Amino acid sequence: MTRPYNFSAGPAAIPAEVLEQAAAEMLDWHGSGMGVMEMSHRGKEFLSIYEQAEADLRELLAVPANYKILFMQGGGLAENAIVPLNLSRAGAVDFVVTGSWSQKSQKEARKYASEVNIVASAEDTGFTTLPDPASWTVSRGASYLHICSNETINGIEFHQLPNLKALGSDAPLVIDFSSHVASRPVDWSRVGLAFGGAQKNLGPAGLTLVVVREDLLGHALPACPSAFDYKTVADNQSMYNTPPTWGIYIAGLTFQWLKRQTEGSLTGVAAMEQRNIAKAALLYNAIDSSQLYVNRVAANCRSRMNIPFFLRDESRNDAFLAGAKERGLLQLKGHKSVGGMRASVYNAMPIEGVQALVDYMREFEQKHA
Ligand SMILES: *Cc1c(COP(=O)(O)O)cnc(C)c1O
């Protein structure tokens, strides 16, 4: 069966092999007589799924032993509250605002943190640049500094995480890596906590991944709900309450798929990174070399995962989208706050899908020249 290429920003495409395996196991997982959705989360069957998923993710992302992996619920938006509820006790929290998601995060944090400081913002460039870390005015004694390491809507990515120590800050770095988790390695030496919804690059909506350094556990504000207290979640192996079992299972199948991917001598996330670099280069080159399409993001912070672009003649938007759909190129409409088009090219998107998009873009441009 050939499927269309799905460029959705999220929930997003899942590798066909993963969906096929889940379909085959839907009614009877490994001879247990039960589907995964029907199992007790405390039974040995689900525990084996959980433990394998955790171990595979730890290996794929090279998560150090002093970091806990938590499988939670509530999505990225709930984490915007859960992070300050857990980490803001020490004092002010710092934010770098580089697009829609970090903007949302800092607004939510104001409900819980005693003080929120915007230490840098790219709003003045319409979110097309990343403020140079050397210019950030980090607060003294902040409880953490939050960035969105890939801005899904604006198409801005940190290609290097900031080194807060070098900026004179002891604050742990918090990253919202929802939309580029597992697309590239993570430099954990610079990160205190990372969170992400699964529905971009790991699996279905409903599962939220949190990776947190152990020394950050156990400092929650008294008002923090128990089910959202990272220490309670960690002490109970993410089973203080019923975890999103289906999401963990599908993410686990995706982790196994990732482990099977190779690119030359590279495997797993390192292999994906090579592919993602090639996919992004193919599409950005097509945009930059055309008269019709434009992407306004500075070259040093263009996202490999979410590539917004505009038609210089916006009256052709609907025709562009209709023609794309006819060719099996789905969900290319840009976010409503930005307009235009957006191609999200997560791990599940093969380079053939990007090539098909680029071919269509050239054909459309020629036809309308
Ligand atoms: C999608 C996304 C979110 C929101 O996640 P929800 O699961 O809808 O709460 C947060 N941050 C980023 C960077 C995202 O891409």
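These numbers come from a predicted model, not from an experiment. Read the numbers this way: they start at 1 and go in the same order the structure lists the ligands and their atoms.
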For [atom], find the nearest protein heavy atom and state the residue, atom name and distance (0.1 Å precision).
{"atom": "atom 11 (N) of ligand 1", "value": "Asp176 OD2, 2.7 Å"}
{"atom": "atom 14 (C) of ligand 1", "value": "Lys200 NZ, 2.9 Å"}
{"atom": "atom 4 (C) of ligand 1", "value": "Trp101 CH2, 3.4 Å"}

With heavy atoms under 4.0 Å as the rule, classify the contact between [X] and ligand 1 as side chain, backbone, both or neither.
{"X": "Thr208", "result": "neither"}
{"X": "Ala78", "result": "neither"}
{"X": "Gln199", "result": "side chain"}

| said: So for Cys148, does at least one of its heavy atoms come nearer than 4.0 angstrom to any atom of ligand 1? | reply: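 The answer is yes, since Cys148 has a heavy atom less than 4.0 Å from ligand 1.
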| field | Gly197 to ligand 1, any heavy atom closer than 4.0 Å | value |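 False for this residue.
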Is a donor on one side and an acceptor on the other found under 3.5 Å between the side chain of [X] and the backbone of [Y]?
{"X": "Gln106", "Y": "Ser102", "answer": "no"}
{"X": "Asp28", "Y": "Ser32", "answer": "yes"}
{"X": "Asn86", "Y": "Phe228", "answer": "yes"}
{"X": "Arg275", "Y": "Thr262", "answer": "yes"}

| query | Linking I/L/V/M/F/W/Y whenever their side-chain heavy atoms sit closer than 4.5 Å, directly or via other members, would Leu329 and Tyr346 fall into one cluster? | reply |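 Different hydrophobic clusters.
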Suppose I only count heavy atoms of [X] and a 4.0 Å limit; which atoms of ligand 1 are within that range?
{"X": "Ser179", "result": "15 (O)"}
{"X": "Gly75", "result": "7 (O), 9 (O)"}
{"X": "Thr152", "result": "12 (C), 13 (C), 14 (C), 15 (O)"}
{"X": "Asn150", "result": "13 (C)"}

| query | Between Asp176 and Lys104, is a salt bridge (charged side-chain N to carboxylate O under 4.0 Å, His left out) present by the stated rule, with each step listed? | reply | CA-CA 11 Å; Asp176 173 358; Lys104 266 196 181 158; over 6 Å; no
| request: Answer yes or no: does an N/O atom from Gly76 fall short of 3.5 Å to an N/O atom of ligand 1? | output: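 So ligand 1 has an N or O lying under 3.5 Å from an N or O of Gly76.
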| said: Would Leu77 count as a polar contact of ligand 1, with the cut-off being nitrogen or oxygen pairs under 3.5 Å? | reply: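 In this structure, Leu77 places an N or O atom under 3.5 Å from an N or O of ligand 1.
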Please report, to 0.1 Å, the donor-acceptor pairs under 3.5 Å made by any side chain of residues 246-256, with sequence neighbours excluded.
residue, atom, partner, partner atom, Å
Tyr249, OH, Glu25, OE1, 2.5
Thr254, OG1, Leu202, O, 3.1
Thr254, OG1, Ile250, O, 2.9

| message | Please list all pairs meeting side-chain hydrogen bond (donor to acceptor under 3.5 Å, both in side chains) that have one or both residues in residues 208-222, counting only residues at least two apart or in different chains. | response |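 Applying side-chain hydrogen bond (donor to acceptor under 3.5 Å, both in side chains) to every pair that reaches into residues 208-222, excluding sequence neighbours, yields Arg213-Asp215.
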| request: Verify the distance criterion only: is there a donor paired with an acceptor across the side chains of Ser149 and His180 at less than 3.5 Å? | output: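 Checked: Ser149/His180 side chains pair up, N/O donor to acceptor below 3.5 Å.
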